[in-house]
Every structure is written in structure tokens, then in C-alpha cells.
Amino acid sequence: MRRSVDVVVIGDGVAGLSTALGLAATRDVLLLSAGSGSTPWAQGGVAAAYGDDDPLDHAHDTDVAGAGFCDPRNLRALVEEGPQRLAELIALGARFDRDPDGSLSRTLEGGHDRPRVVHAGGDASGAEVHRTLRDALRLSDVRTVTGRAVGLIKSDSGHIVGVLVEDDAGVSQVDSRAVVLATGGIGNAYLASTNPATVRGDGIALALNAGASLVDMEFVQFHPTALFTGNSSGQMPLVTEAVRGEGAVLRDLRGRRIMADVHPRADLAPRDVVARAIEATMRRDGCDHVWLDARSIPEDTIRRRFPTVLASCAQIGVDMRSEQIPVAPAEHFLCGGVRTNRDGATDVPGLYAVGEVAASGVHGANRLASNSLLEGMVFGRRVATALTLDLPPATMSRSSSLTLAEDREPERIRAILTEHAGIRRDGAGLQMAADELETLGDGPLATTARAVIAAAITREDSRGCHWRSDYPQRDERWNQHVVVRLDEEGRPAVRHLHQSARL
Ligand SMILES: Cc1cc2nc3c(=O)[nH]c(=O)nc-3n(C[C@H](O)[C@H](O)[C@H](O)COP(=O)(O)OP(=O)(O)OC[C@H]3O[C@@H](n4cnc5c(N)ncnc54)[C@H](O)[C@@H]3O)c2cc1C
């Protein structure tokens, strides 16, 4: 059955839900989702500077973590609009943890100069954000559909005018004036990730096929402390950075502190710094994990603040109150993505992107902890505002569908990306990855992997979470953003460099 709505939002994470809710009163909206993504898995919380904290300090910490590569305008929007969005979430019924005096409880995470991360259920913040937004959506007029977007519809005039949806009944078409990609990151393009299997780079491939640009794709963040379960494939349980915020420290297998002399903030250095130090330790010692020692944290704090981590550890037979936790880095977050303007518009009319799939530029070269749920809330609202004020015009021209291909050998693609585009990269390995990917078709994982590799080969520089062992120093000549588009053969290729991540 063919349907027609004003706006299709693809993805039911914090970004898609915030967008759909912001449009609910003014537009006919359909929210399409292939299942829940990373949002309900988020542990640490939402960073927000209010009261005695200053949004400009939050912006400063974000930019330091982002290696000075953040977009200043969008960063300002993030830190200044963030507390309003958080207050609205609370008004919708979100129950964040509170101190005995009733004030919101705020914790410290890596890269923040003060406690500013609010959390819920101890370490179940994403689940509470997701529950609240889903409950609000149920009371709205937004229609929800479960299925996978397998293609976009493009008019001859170059506008995106709909989506192809695959579900149990087959493939159907939804016509719309605008499509918002809120499809999350690319975790499933790597062998091991903290993301669930639904997060696999479809939005990246859909955008590229539609003719949109990507930017900053080389900046893939690895979380330093995924729980090492002995199985290094699939979704890895996370040990939130807030555990280090409460005093846990990283140790090598001989018990020596890893971070003590590496960075002034030691175990609370930005994520890229900690992940690199762990990778170097593991390489030096020839081991597949290191220890996170949380035994100094009082038992009642662990039970109250980290019930999820406590349970994950228990599942592998570790009692984090009395034993060290085995951890190793795992793919976690895409800092770059689909290139947009301040309101989520891409360079293809009718196509928008928001949340982790989008490169709003607020994360620079490395995301600061707990800024991502915030990004979804802030930029979801901005997209909704833009589409409330102005919907792209209806177009009468003919249209054709841009359908995603199937990935031929997904496991091989994952293995290639994991081996060559991990924490430590070099030109020879990246070139080998590019060559190996040549024969692996044009499915979404292959397309996503090629985009990451193309950007990573181009950036002969080390900053944030892009670390080239053959170019280990930051090179100021690379103070430019790498833009990737499809080439004439329909393969992702670097098209130009730009001063700004934003359109
Ligand atoms: C374990 C973990 C812990 C984290 N902790 C924190 C934290 O404490 N604080 C913080 O700020 N951030 C945290 N993050 C990051 C944060 O959770 C994510 O960046 C954020 O939730 C992404 O939101 P999103 O709406 O962009 O995408 P997601 O929540 O990932 O949602 C993507 C949606 O797109 C849908 N989708 C994808 N492709 C298709 C398709 N082809 N068709 C239809 N639907 C599709 C998926 O089904 C899903 O509904 C964490 C992430 C993980 C994995």
C-alpha cells in the first residue's frame, strides 16, 4: 500500500523521537524504525551546564576533547539549548536521579572539568530518555511503523520525495515532502561495538546514494572500557566512564596504573587519549584486555550508581566490588557523518539528517562524554522547527528509487574495517583495506566502510580519534574537513576539503 505524509523520520532513537515529537502538532509525520538503536543502551547520562555551571565552560571542554575541531556555532547551540531540552524532557516525565536535597545529581566523566552529567536509574540513563520520549510519542498523532528503509525516492528535479520500506509484508513506498535520517551510527560495520545490531550505517549509504556529502568520517570513536567478555564480536557491554568518574582506575595486567603519567586528567582524560593508552598497553604486553579497578568505590555507591555494570560483570563471573573488571576498547560512536546545515538540511533538497548519523560538527575530532543524547535532543528540535516553518515544496516531476544493495560478505567487511581502521591506523593498512573492499559490492556496510577508509587515507595527520602511526603528529595544514561523496562509478571518494564541517 502506498502512503503519503508530510515528513518521514527514520529511526526511533533520541534524535528521531525528538524530531517527530517536535513536528507532531504541525505536520503529518510517520516514524519508521527497524528496532531500537543505541539510545536505550546509553549509560552515563546527559551533559548540561546550568545553575552554577556555565554553558561556555561546557563548550570549552567539548572543544578541548574534540581537539579544537568543533564547529563553534553548532557547539554554542548545543550547550545553550541543551538545558532547555533537558528541562522539557523532565516536564514530559523523565525521572533523573536526585540528591537528598532534591537537586539533580550530577556526575563527572572524562574530559569534563566539573560534574555536569545528569543520569537516571544510576547507569540506565538512555533507557529513561527513550521511555520518556516513546511515551510522549504514543500520546501524539505521529504514526509509527516497524520496518527497514531500503531506499529513498528522488524526483527528476533532485528532491527526495519518499522512502521505500521493507517489512514482513514486502516493500512499500511512502511519499513525503521531507525525509529525516535519524539512523544512528555505524557500529555494526565493525566486528565489536558497543552499539546494537540495528546500527549499521544504513543512513550513511542512503544519504550517499541520494547524492549527499559526508564529512569527518575518519573520526570513529572507540570507547576505552567495553567489558571484555572473551568474545570479541557483536555488541559489547559497556562500562560507563562514570565508573572512572567515581574513582576507578585503569591498570595493566601487572597492576600498574596506565593513565597516571599520560595526561593531567589521568583516568579522566578524553576518550581518545585513554583508548590509545590502553591500545598501546595491550600491544606492549601482548594481551587482549586490561583491568579497570573499581574496588575503591564504596559498595553502596556501586549498587546505587552502576546496577547495569554490576549485572554485566556478574554475567561473566566478575564481582566489581571485590574484583578488577576486564576491559578493552570497542567501536562506540561516529563523530562525523552526513553533512548538514544548522537545521539538519543536507545538500540534497528534502533530505535531512540528525543525531549520530549527522555531522553537526559539535564533536569535532572526538566526542566529549554524554554529549550525544544532548545532540539528539537539541538538533532534533532544530530540524523540527525548520520543517515546521518551511516544508520543501511538493514536486510533480517524475521520480525514481535509489535502493540499497545487499552486502555480499558482511563479516569480511567488518574484519577489514576492524583491522585497518581501528584506534591505530597507517597508510599501508588503509590502502590494503581499500583494495580488499573493491571486490565486496555496494551494500550499505561496504559503502560505509569505503567512506571511512577514503577519509582516513586522505587525512595524513593525527588528531582526536583519528590516529595515524605514520603521521603521529597533529599537522596544522590539516585544519580542514574531509568531504566524501559518490564518484562517477558510484563509490565513496574524497571530493574536497572544507574549512567547516557544517554546510
Ligand atoms: C552502550 C552505549 C552507551 C552510551 N552512553 C551514552 C551516554 O551515557 N550519554 C550519551 O550522550 N551518549 C551515549 N551513547 C551514545 C548515544 O547513545 C548515541 O549516540 C545516541 O543514542 C544515538 O541516537 P540516535 O537517535 O542518533 O540513534 P540510535 O539511538 O542509534 O537510533 C537509530 C535508529 O535508527 C533505526 N534505523 C537504522 N537504520 C534503519 C533503516 N534502514 N530503516 C529503519 N530504521 C533504521 C534503528 O532501528 C534505530 O531505531 C552511548 C552509546 C552506547 C552504544
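We number each residue from 1, following the sequence as shown. Computation of the quantities below employed the complete heavy-atom set of this structure, encompassing side-chain atoms and omitting hydrogens, waters and symmetry-equivalent molecules. Ligands are counted one by one from 1 in listed order, and the atoms in each one are counted from 1 as well. What you see is a predicted model, and the numbers here were worked out from it, not measured in a lab.
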Per-pair distances, 0.1 Å, donor-acceptor, side chain in residues 159-172, under 3.5 Å, sequence neighbours excluded:
residue : atom : partner : partner atom : Å
H159    : ND1  : S157    : OG           : 3.3
D167    : OD1  : A169    : N            : 2.9
D167    : OD1  : G170    : N            : 3.4

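Contacts of ligand 1 (protein heavy-atom distance under 4.0 Å) are I10, G11, D12, G13, V14, A15, S33, A34, G35, G37, S38, T39, W41, A42, Q43, G44, G45, G147, R148, A149, A182, T183, G184, T194, N195, T198, V199, D202, L238, H332, F333, G355, E356, R367, S370, N371, S372, L373.
With sequence neighbours excluded, the residues forming a side-chain contact (heavy atoms from CB on, under 4.5 Å) with D54 are L56, D57, listed by chain and number. Under the salt bridge (charged side-chain N to carboxylate O under 4.0 Å, His left out) criterion, R3 pairs with no residue at all, not counting sequence neighbours.
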Intermediate values then yes/no, ring-ring contact (aromatic ring centres under 6.0 Å, His included), H363 and F333: CA-CA 10 Å; H363 308 302; F333 184 82; 5.0 Å; yes
Evaluate the criterion ring-ring contact (aromatic ring centres under 6.0 Å, His included) for residue pair Y190 and F222; output intermediate values, then yes/no. CA-CA 11 Å; Y190 282 80; F222 286 73; 5.6 Å; yes
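Taking the centre and axis of the six-membered ring of F69, the NZ or CZ atom of R463 falls inside the cone set by 45° and 6.0 Å.
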